[in-house]
Trainee: 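Next up is a structure, given as structure tokens.
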Amino acid sequence: MSVEIRVPTLGESVTEATVATWFKQPGDAVAVDEMLCELETDKVTVEVPSPAAGTLGDIIAKEGDTVGVDALLATLNAGDGAAAAPAPKAEAPAAAASGASGASVDVMVPTLGESVTEATVATWFKAVGDTVAQDEMLCELETDKVSVEVPSPAAGVLTEIVAAEGTTVDASAKLAVIASGAGASAAAPAAAAAPATASTGKDVENAPSATKMMAENGVDASSVTGTGKDGRIMKDDVLKAMAAPKAAPAPAAAPRAPSAPSDAAREERVKMTKLRQTIARRLKESQNTAAMLTTYNEVDMTEVMALRNQYKDEFEKKHGVRLGFMSFFTKACVHALKEVPEVNAEIDGTDVVYKNYVNMGVAAGTPQGLVVPVIRDADAMSFAEIEKAISEKGRRARDGKLSMAEMQGGTFTISNGGVYGSLMSSPILNPPQSGILGMHKIQDRPMAINGQVVIRPMMYLALSYDHRIVDGKGAVTFLVRVKEALEDPRRLLMDL
């Protein structure tokens, strides 16, 4: 039985649409309600489902055609008619052989995390023709924030690498193909000779009308955010991009001074990683956006060090984690943020958003660069809970295992440059946060106390803050409260 596929109702006052993409081709088997094609109107994108199970017959309206309401799009051979429809041709004899003797499994990009749309293939651990076990690591992807290992979905032989090292892929891209089951042994010889093909990083085509409009108006596709299926750019996306106010162009980077021929041979050029590019971009954006200012103080660490030395063994024995300085600083900052809440707030347009909780970002250096895992609800944690959370996040950061969710939602940040020997620095804000505390090296220095010169373990503290929301008085008050809490830790117990 032949079934007609027609343009559905498009909405009030909408009389025509453009065929953006066909997901099926003539001869393809389709299930009931499976999406056949996507139509694009001036306002919305409309997906056309199959009204019955069967085989797609003729496509009447091709991609790019403009059609009216109820126009014929295609025909479908439903029920008994599906058997008589032409079967889709095999792509290659090797594919048919694989299907007969074993399954071909696609290796896809795994879930990258909220708001992450692309990744770069950093390293392939396996080559074409290699035998792999299920869950064995095939390759490593690098995103703006984290490294993601891709395990094998099945045991078999790696027959094709679609995305070579250095290729940028989107969140739904295919990375490789594995011949699993009985077909694995037969696929091995052919796979060894198959060259790896590079992907362009985007597996979907933009709507024809969008492509035409971008070409006519000189719009760069990279500046347009696609809202269609799989990130496809639609006509309305181009219109929005053209209507959006143009940002002031970033100042061009100063040209690199030419090297002498004798020096050039000794230089090494390495492409910046995605993480390093993101760090550079975000730090520069922070400087360009916030009215950043830094204020300094110093803290006598005598009491904290004495308290730590007195209880560190008993603390580790009971809680299974070492007692460090970070839990004291976290507690001191939480205490100070209660008195100066604007340091724990952020600007949203013309509003100030005050956070009635503290999600503490703790900057951690890794071989790939600086990351800031977030300790959520640090204001409700004990010393032991804070130390355990920092230890766990730090280990995951060094191993490149942090998820995007673990690095989002921070309200204030602590950065400890002292572990690297820094005596003083001005930390840069982690937007959209309004404050970051810089810790530094503890150094014995002569101090005048009660008319006597004594040697004390001193640390410089630096608070960088957004002067748009935090006044100088608030910043100084915050640092003084942190200093008081650390110089007399008993104040933390009494909430003074």
Trainee: Are Glu487 and Val299 close enough that some pair of their side-chain heavy atoms sits under 4.5 Å apart?
Mentor: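 Yes, their side chains come closer than 4.5 Å.
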Trainee: Return the set of residues passing side-chain hydrogen bond (donor to acceptor under 3.5 Å, both in side chains) with Arg376 (not counting sequence neighbours), or none when no residue passes.
Mentor: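 Counting only residues at least two positions away or on another chain, Arg376 forms no side-chain hydrogen bond (donor to acceptor under 3.5 Å, both in side chains).
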Trainee: Does one side chain, of Thr411 or Asn344, offer a donor that lies under 3.5 Å from an acceptor on the other?
Mentor: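 The criterion, which ignores hydrogens and geometry beyond distance, is satisfied for Asn344 and Thr411.
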Trainee: Could you work out, with side-chain hydrogen bond (donor to acceptor under 3.5 Å, both in side chains) as the rule, every residue matching Glu303, not counting sequence neighbours?
Mentor: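 With neighbours one apart ignored, the set is empty.
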Trainee: Could you verify whether a donor N or O on one side chain and an acceptor N or O on the other, from Thr294 and Ser464, lie under 3.5 Å apart?
Mentor: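 There is such a pair (donor and acceptor under 3.5 Å, judged by atom type) between the side chains of Thr294 and Ser464.
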Trainee: Could you give me the CA-CA distance, side-chain angles and deciding distance for Leu175 and Val169, then say whether side chain to side chain contact (heavy atoms under 4.5 Å, CB included) is met?
Mentor: CA-CA 8 Å; Leu175 298 171; Val169 293; 4.2 Å; yes
Trainee: Under a 3.5 Å threshold, yes or no: a donor from one side chain and an acceptor from the other, between Thr21 and Glu38?
Mentor: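 Absent: no donor and acceptor within the cut-off.
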Trainee: Does Tyr311 OH have over 12 foreign heavy atoms under 6.0 Å away?
Mentor: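 Atom OH in Tyr311 is not packed in, count stays at 12 or less.
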Trainee: Could Glu392 and Lys388 be called an ion pair, given the rule that one side-chain N must be under 4.0 Å from one carboxylate O?
Mentor: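 Salt bridge between Glu392 and Lys388, a charged N being under 4.0 Å from a carboxylate O: no.
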Trainee: Judged by atom type as modelled, is there a donor-acceptor pair below 3.5 Å linking the side chain of Asp466 to the main-chain atoms of Ala291?
Mentor: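 Checking the backbone N and O of Ala291 against the side chain of Asp466, a donor-acceptor pair under 3.5 Å is found.
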Trainee: Would you call Ile375 and Asn359 a side-chain contact if the rule is heavy atoms closer than 4.5 Å?
Mentor: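 In short, these two side chains do not touch, never coming nearer than 4.5 Å.
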Trainee: For Ile442 and Pro457, work out which heavy atoms get closest and say how close.
Mentor: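 Heavy-atom minimum between the residues: CG2-CB, 3.7 Å.
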Trainee: Is any side-chain heavy atom of Asp488 less than 4.5 Å from a side-chain heavy atom of Arg491?
Mentor: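 SC-SC contact between Asp488 and Arg491 confirmed.
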Trainee: Closer than 4.0 angstrom, basic N to acidic O: yes or no for Arg322 and Glu387?
Mentor: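 Answer for the salt bridge query: no.
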Trainee: With side chains defined as the heavy atoms from C-beta onward, is the minimum distance between Val334 and Phe412 less than 4.5 Å?
Mentor: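 No, every pair of side-chain atoms sits at 4.5 Å or beyond.
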Trainee: Filter on side-chain hydrogen bond (donor to acceptor under 3.5 Å, both in side chains), then keep only pairs touching residues 431-453, sequence neighbours left out; what's left?
Mentor: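 Non-adjacent pairs meeting side-chain hydrogen bond (donor to acceptor under 3.5 Å, both in side chains): Glu298-Arg445, Thr413-Gln433, Ser425-His440.
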Trainee: Side-chain contact, heavy-atom cut-off 4.5 Å: Met292 with Ile428?
Mentor: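 Yes - at least one pair of side-chain heavy atoms lies under 4.5 Å apart.
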Trainee: Check for a donor-acceptor pair, side chain of Asp300 on one end and backbone N or O of Thr302 on the other, with a separation under 3.5 Å.
Mentor: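 Yes.
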Trainee: Run the salt-bridge test on Lys473 and Asp471 with the 4.0 Å N-O cut-off and return the result as yes or no.
Mentor: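 Judged by the 4.0 Å cut-off on N to carboxylate O distance, Lys473 and Asp471 do not form a salt bridge.
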Trainee: Tell me, do Leu36 and Val30 make a side-chain contact under 4.5 Å, heavy atoms counted?
Mentor: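 Yes. Closest side-chain heavy atoms under 4.5 Å.
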Trainee: Taking the basic N atoms (NZ, or NE/NH1/NH2) and the acidic carboxylate oxygens, is any pair closer than 4.0 Å for Glu484 and Arg481?
Mentor: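 Looking at Arg481 together with Glu484, the answer is yes, because their closest N to O distance falls below 4.0 Å.
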Trainee: Is the Tyr465-Phe478 ring centre distance short of 6.0 angstrom?
Mentor: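 Tyr465 vs Phe478: aromatic centres not under 6.0 Å.
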Trainee: If I take atom CG from residue Leu323 and atom CZ from residue Arg308, how far apart are they, to the nearest 0.5 angstrom?
Mentor: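 Reported to 0.5 Å precision, the distance equals 6.0 Å.
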Trainee: May I ask you to test the Thr295-Leu479 pair for a side-chain heavy-atom distance under 4.5 Å?
Mentor: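 They are in contact (side-chain heavy atoms under 4.5 Å apart), so the answer is yes.
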Trainee: Please confirm whether the backbone N or O of Ser172 pairs with a side-chain atom of Asp170, one donor and one acceptor, at under 3.5 Å?
Mentor: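 The answer is yes, because a donor-acceptor pair under 3.5 Å joins these two groups.
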